[in-house]
Amino acid sequence: MTIPFRLKIKSGEKGLTCRVSQNAYDPTAPDNPPDVRAFMEKDWQISNWQTTVGVAYRSASFSQDRLAHFPDGYPVRIADMDFHYADKNVSFYGHSRIALTLRSSHYGFIDCGVTGDSADEAARTWAPLADQADKIVNSFVLDAD
């Protein structure tokens, strides 16, 4: 049994917040792709970001989707996400860079971003931190089974 792993890193009050997560994945479950490598490399569509990551937000839009590979050649998807989160207690906007991969029995992602009271504030906060976020996200490696 795989135990979920989550790590949150925050770099200062107006800095990046990065979340790393790893969880079990069942390729035999309905609607899950049985060949995750083909899914990540050939069958991926930008709309897959919404169903895998964006469901946690009221609205999320994804851009700059690209395929990358871990040092062992395994595929990972990387994208930018603009989002708005709201519930009855809190509301904020944000921008982040995300890397996501699926392995045979687990999946993992890293999400490094910023938040603000408006989309414009999040964009202004993001601009000077984009290179730092890129370095962190590109260093993400999810170990093989």
Side-chain angles (χ1 to χ4, degrees), residues 1-27 31-33 36-145:
M1 178 174 148
T2 302
I3 298 174
F5 169 76
R6 291 180 180 86
L7 171 67
K8 181 178 177 182
I9 303 165
K10 187 168 181 170
S11 66
E13 189 173 320
K14 290 289 185 178
L16 289 171
T17 298
C18 297
R19 294 170 191 84
V20 178
S21 181
Q22 182 249 289
N23 289 284
Y25 175 78
D26 181 2
D31 299 326
N32 284 352
V36 294
R37 187 173 185 132
F39 174 68
M40 297 295 286
E41 290 182 329
K42 298 176 184 136
D43 301 333
W44 186 266
Q45 299 174 18
I46 199 152
S47 62
N48 292 119
W49 280 110
Q50 185 60 41
T51 56
T52 57
V53 178
V55 295
Y57 302 93
R58 175 174 284 172
S59 68
S61 62
F62 296 87
S63 62
Q64 299 185 27
D65 173 63
R66 65 181 174 93
L67 175 65
H69 290 86
F70 290 134
D72 66 357
Y74 205 81
V76 59
R77 299 303 303 201
I78 299 174
D80 280 11
M81 177 176 69
D82 289 298
F83 61 89
H84 177 230
Y85 178 84
D87 65 20
K88 63 183 176 185
N89 299 316
V90 68
S91 174
F92 57 88
Y93 294 82
H95 182 89
S96 63
R97 184 148 303 138
I98 299 172
L100 169 74
T101 195
L102 303 170
R103 293 275 187 158
S104 57
S105 68
H106 59 289
Y107 71 92
F109 72 89
I110 184 167
D111 174 8
C112 286
V114 297
T115 60
D117 292 330
S118 69
D120 288 341
E121 181 184 345
R124 282 191 308 273
T125 304
W126 174 258
L129 299 171
D131 288 343
Q132 182 182 2
D134 199 45
K135 287 177 187 173
I136 295 168
V137 169
N138 285 322
S139 70
F140 172 65
V141 174
L142 181 65
D143 290 336
D145 291 336

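Hydrogens, waters and symmetry mates play no part in the numbers below; they use all other heavy atoms, side chains included.
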Measuring from atom [atom1] of [X] to atom [atom2] of [Y], what distance do you get when rounded to the nearest 0.5 angstrom?
| X | Y | atom1 | atom2 | answer |
| --- | --- | --- | --- | --- |
| Thr125 | Asp120 | OG1 | CG | 10.5 Å |
| Asn23 | Leu102 | CG | CG | 11.5 Å |
| Met81 | Arg97 | CE | CZ | 12.0 Å |
| Ile78 | Leu100 | CD1 | CG | 10.5 Å |
| Glu121 | Arg124 | CD | CZ | 6.0 Å |
| Gln64 | Ile46 | CD | CD1 | 9.5 Å |

query = Where does the angle between the aromatic ring planes of Tyr107 and Tyr25 fall among parallel (under 30°), tilted (30 to 60°) and perpendicular (over 60°)?
reply = perpendicular

task = On the 0 to 90° scale, with breaks at 30° and 60°, tag the Phe92-Phe83 ring pair as parallel, tilted or perpendicular.
result = perpendicular

I need the minimum non-hydrogen distance between [X] and [Y], along with the two atoms involved.
| X | Y | answer |
| --- | --- | --- |
| Ala86 | His84 | CB-CE1, 3.8 Å |
| Glu41 | Pro75 | CG-CB, 3.5 Å |
| Gly108 | Leu142 | N-CD2, 3.5 Å |
| Phe140 | Val20 | CE1-CG1, 4.5 Å |
| Ala122 | Val114 | O-CG2, 3.5 Å |
| Ser96 | Gly113 | CB-CA, 3.5 Å |

So do [Y] and [X] actually touch side chain to side chain, heavy atoms under 4.5 Å?
| X | Y | result |
| --- | --- | --- |
| Phe39 | Asn48 | yes |
| Trp126 | Asp82 | no |
| Thr115 | Tyr85 | no |
| Leu67 | Trp44 | no |

query = Is the CG atom of Asp117 crowded by more than 12 outside heavy atoms at less than 6.0 Å?
reply = no

inquiry  = For Asp131, I'd like to know if atom CG has over 12 heavy atoms of other residues, nucleotides or ligands within 6.0 Å.
reply    = no

ask   = Between Tyr74 and Thr101, is a side chain to side chain contact (heavy atoms under 4.5 Å, CB included) present by the stated rule, with each step listed?
value = CA-CA 9 Å; Tyr74 205 81; Thr101 195; 3.7 Å; yes

key: Candidate pair Val53 and Phe109, rule side chain to side chain contact (heavy atoms under 4.5 Å, CB included), full reasoning   = CA-CA 9 Å; Val53 178; Phe109 72 89; 5.6 Å; no

Side chain to side chain contact (heavy atoms under 4.5 Å, CB included) evaluation trace for Thr17 with Arg19 = CA-CA 7 Å; Thr17 298; Arg19 294 170 191 84; 3.7 Å; yes

message = Run Phe62 and Arg77 through side chain to side chain contact (heavy atoms under 4.5 Å, CB included) and show every step you take.
response = CA-CA 12 Å; Phe62 296 87; Arg77 299 303 303 201; over 6 Å; no

